[in-house]
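Quick notes on the structure that follows.
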Amino acid sequence: MTSASPTRRSGRHAQPLSVPPLTAPSRPKRITTAERVLDSGLRVVVVRRPSVPMVEVRLRIPFLSAKSHHLSRSVLLSDTMLTGTSRYDRTELAIALQELGGDISVGLDADRLLLSASALATKLPELLGLFAEVLTQATYPKGELVGERDRLLERLLVARSQAGVIANEALGNRLAPGHPYGTGLPSPEDVGGVTAAQVRKLHADLVRPEGAVLVIVGDVTPARALDSVERQLADWTGKQAVRRVPAVPDVLRGPLQILHRPDSVQTALRFGGHALGRTDPRYPALQLANLAFGGLFSSRWVENIREAKGYTYSPRSSLDHSVLASAFTASADVATEVTAPAVVETLYELGRIATLPITEAELDLVRQYAIGTLALSLSTQAGLASTLSGLLGAGIDLDWLNNHPVRLAAVTRDEIAAVSAQFLAPSALVAVAVGDSDQILEPLRRVLDVELVPTS
Amino acid sequence: MPSSKPSAARSRGALRTPSFELIHHTLGNGLRVVLAPDRAAPVVGIAVLYDVGFRSEPEGRTGFAHLFEHLMFQGSANLEKLEHFRYVQASGGIFNGSTHLDYTNYFEVLPSNAFERGLFLEADRMRSPRITEENLANQISVVKEEIRVNVMNRPYGGFPWLVLPPLLYDTFPNAHNGYGGFEDLQNATVADASAFFDSYYAPANAVLSVAGDFDPDTALELIESHFGGIRRRKKPARPDFSEPPLTADRRDQVTDQLAPLPAVALGYRLTDPNGDLRQFLATVLLSEILSDGDASRLQRSLVQKQRLVTDISAYLGTFGDPLEERNPTRLNITAHYANAKSTDAVLAAVDGELDRLATRGTEPGEIDRVRTKLSATVFRELDQVLNRSLEFAKFELLFDRASLSLGLPVLLAEITDDDIRAAAARLVDSHRAVVELLPGGDK
């Protein structure tokens, strides 16, 4: 594209300057860890990273369950885990953490419960002591549980008022129907019935060290950190109660689903389908295919519907990994009046990448982006700790991470074409649209099969 | 087990600030340069901050500073549209920009072998962004979608940063909508953009900061060769945006059709951190004492004990960074709750805590643990090369002192109980603006 009239010219004669070439790349440093499996079965992994005087801790505990009440009880467990132990009340625990320059947060998804923490590096033993206190002595006080239950109900109300939340939930239901991966948020009815005794039982059943992974990254001496973990977490023992882990069902195929949101000035569009896991030999090709389609700014879909047409602000596609399944999703919030044209362009770009090879220039771009941003994501204590925790918790080892740039470097255009044909083709995907059906249904119907889904 | 409180001396001894060497230089055209070499990881962060934010945009052109930020990515002297993004990402890097009240930033993080390429990209658009009718129309559409997704189609969108200023302030620069009205955005012209660039995007009105893996001497040579030839232009005079203190409390209501629950926002005008930094940092610590974490006063009283609110937070500045605005800036307190009748009880509870802090001061250990936590947060942010380049540039631009960002833990250590009492007393004695958000959504 040639632009007509630059508003400013450089003071001198406009002599074109050329973009400087890249200089020789530094060889990425291999990450080395110190590891120990404790008698309790807890796996501990430590990386020394003395960049700032801090330490990052991630404790990941498997939490997937097929039980119908599991979600609501798990959410309340994570909301109330830090509200009391036999030694501290809620305030005392928070004060103890602040004194370490620290913080613990408890996060939850279908696969795991994740305790994420940071503190001044010199305070690691004390931080681990607080971990032990919470893991072995959390009391889930009844009053705190009731208070958090009410707050959760209010937060759920707010969450469900957001178009993006509704759309993600609807897509999840299509990608993993009836499975915990596709369940989304807990219902108010389920949450309202949860008791402190049920949450304590859940903690006793599942908050156990065997199968859990503890990652520590920071300005620490690995051997000393391992000894410290062994000492501080000596009393945390036991196995998880047996859980039935359900297989992930097939995608629920069908027309594009429209969920009516009256007077919505935008439509939240979501496309999704199954994808390959990270250890599959074809995964690096799919990773690059996703990037070329819509996984970064300089991708076909973003350049089309944002930079050429101005339909949307932040379209993006991604590959998301759970332990048992991976998914491809493409998300865009588009102006109501251009909903159908935006779907047309999306189907065009998906169809194009599924039927024609990408160019050599596109391959170079996404390859460099994938390798470069992987290094960036590992360049901070917090980034490295979170990445390691996610990989190790999914059963993927450090070699995978260290060797991934080499795999990305070897991917060919043919390999990308093959995985695109299988996973990015419009016929392989399902779609939902949350918006004003009075305005978007008829135009969308001209483009593809649609169904209006009743909303509660 | 940390059953006893660590002594102040010990906890302060533990807070050794990471040392980053800072090198300062000014080019002949007035561009200020801050280098922060650190060769630990093969990555570089490049940040260019221009001394203009949405406080400076002209009447009838609300949202223009932000729209202009978008236009700075649309090609430049030697780059076609889309090329900027492609060069950064094809180098393995990431980029972005953002518009604030008093400045606009542009940045990229790159593998260090793309260092010179990053400098070229920033220099090329500082020399001459390529602003065409077509790019302008496209980015007006994109910005409108940004406003729809973040404000118009979202419950609590723009709350409180778009609804509090019109009540808290009286002058256009401080009170207007920084995202912009659609009509103003539609009316923006290429000539407006040209004039805005001429006025505010002079090298002498900017700071370039680079952090990470480079040799400082080589870096200075490269910076001279890429930026040195950009024409020197006059640095614009910065108007005085200050407003006199409020003479009475103000109160207003807004209805949010999408929100399911009510909310309230309190705003207090604060004076320039450049005026009395110690006094300002005391107010920062005060806001942490009020609402940071489960041990904070408002969380304990309003969330845990009285169960009046779902959440409450107190923070300084438009977007939660206390040290990114000049005079005036503000303290915000926001709360969400289930029952609209609770508004006055929430206000009374805030008044009660401020009163207690003004008259009785802090509890033993309270200041120490809060500033330890705050210092730890500063360290964590400095771990990221991008944050380092952005912070050094911001402190150089607003405070003429990049190193101040590293010195914050030391300054925080000097704040005493008397400072906190005085900070609370100033709030008790000042008038405030209160905006209630009424839910219009399904209840």
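This structure is a prediction, so every number in the text was calculated from the model and none was measured. Convention: sequence-line order gives letters A, B, ...; per-chain numbering from 1.
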Working note: A:Arg155 + B:Thr310, criterion side chain to side chain contact (heavy atoms under 4.5 Å, CB included); need CA distance, chi angles, decisive distance, verdict. CA-CA 8 Å; A:Arg155 294 204 326 260; B:Thr310 313; 3.8 Å; yes

Do B:Arg86 and A:Glu303 meet the salt-bridge criterion of a basic N to acidic O distance under 4.0 Å? yes

A:Ser298 side chain to B:Gln89 side chain, donor-acceptor N/O pair below 3.5 angstrom: yes

Is A:Glu99 close to B:Lys373 at the side-chain level, that is, under 4.5 Å between some pair of heavy atoms? no

When you compare the side chain of A:Gln368 with that of B:Ser91, does any pair of heavy atoms fall below 4.5 Å? no

Between B:Ala295 and A:Gln98 the two heavy atoms that sit nearest each other are CB-OE1, 3.9 Å

Measuring heavy-atom distances to chain B, does A:Arg261 have an atom under 4.5 Å in its side chain, in its backbone, in both, or in neither? side chain

Any carboxylate oxygen within less than 4.0 angstrom of a Lys/Arg side-chain nitrogen, looking at B:Glu145 and A:Arg306? no

Contacting region of B:Phe73 [heavy-atom separation from chain A under 4.5 Å]: neither

Which heavy atom of A:Ala335 sits nearest to which heavy atom of B:Arg148, and what is that distance? CB-NH1, 3.7 Å

Decide yes or no for A:Pro53 and B:Phe379: does some side-chain heavy atom of the first lie under 4.5 Å from some side-chain heavy atom of the second? yes

Under 4.5 Å heavy-atom distance to chain B, tell me which part of A:Glu92 shows up: side chain, backbone, both or neither. neither

Side chains of B:Asp383 and A:Ser51, donor plus acceptor under 3.5 Å: yes

Counting only non-hydrogen atoms closer than 4.5 Å, does B:Leu79 touch chain A with its backbone (N, CA, C, O), its side chain (CB onward), both, or neither? side chain

Let me know if A:Ser314 has heavy atoms under 4.5 Å from chain B in its side chain, its backbone, both or neither. neither

Given heavy-atom pairs under 4.5 angstrom as the criterion, report whether the side chain, backbone, both or neither of A:Ala24 touches chain B. backbone

Atom group of A:Ala308 that falls short of 4.5 Å from chain B, counting heavy atoms: backbone

Sort A:Pro50 into side chain, backbone, both or neither according to what part of it lies under 4.5 angstrom from a heavy atom of chain B. neither

With a 4.5 angstrom heavy-atom cut-off, could you sort out which part of A:Val366 is near chain B: side chain, backbone, both or neither? neither

So which part of B:His336 gets closer than 4.5 Å to some heavy atom of chain A, the side chain, the backbone, both or neither? neither

Hey, mind stepping through B:Tyr156 and A:Val158 against side chain to side chain contact (heavy atoms under 4.5 Å, CB included) and telling me if it holds? CA-CA 9 Å; B:Tyr156 312 102; A:Val158 171; 3.7 Å; yes

Looking only at B:Glu116, B:Gln139, B:Lys144, B:Arg307, most heavy-atom pairs under 4.5 Å shared with chain A are made by B:Arg307

Could you tell me whether the side chain of A:Ser26 reaches within less than 4.5 Å of the side chain of B:Asp213, counting heavy atoms only? yes

Heavy-atom contact with chain B under 4.5 Å, split by part of A:Lys309: backbone

Look at atom CG of A:Asp235 and say whether more than 12 heavy atoms of other residues, nucleotides or ligands are closer to it than 6.0 Å. no

Under 3.5 Å side-chain donor-acceptor pair for A:Ser18 and B:Asn78: no

Going by heavy atoms in the side chains, are B:Pro260 and A:Glu154 under 4.5 Å from each other? no

Which class fits the ring pair A:Tyr313 and B:His70: parallel under 30°, tilted 30 to 60°, perpendicular over 60°? tilted

Per-residue tally against chain A (heavy atom, under 4.5 Å) across B:Gln304, B:Gln384, B:Glu366 peaks at B:Gln304

List the atom of A:Leu82, the atom of B:Asp294, and the distance in Å for their closest heavy-atom pair. O-OD2, 4.4 Å

Check step by step if side chain to side chain contact (heavy atoms under 4.5 Å, CB included) holds for B:Arg380 and A:Glu56. CA-CA 10 Å; B:Arg380 277 187 101 200; A:Glu56 298 285 332; 2.7 Å; yes

Considering only heavy atoms, which portion of B:Ala114 lies under 4.5 Å from any heavy atom of chain A: side chain, backbone, both, or neither? both

Of the backbone (N, CA, C, O) and the side chain (C-beta and beyond), which part of A:Ile95 lies under 4.5 Å from a heavy atom of chain B, both, or neither? both

Any side-chain donor-acceptor pair under 3.5 Å between A:Glu307 and B:Gln74? yes

Are side-chain heavy atoms of B:Ile94 and A:Tyr369 found at a separation under 4.5 Å? yes

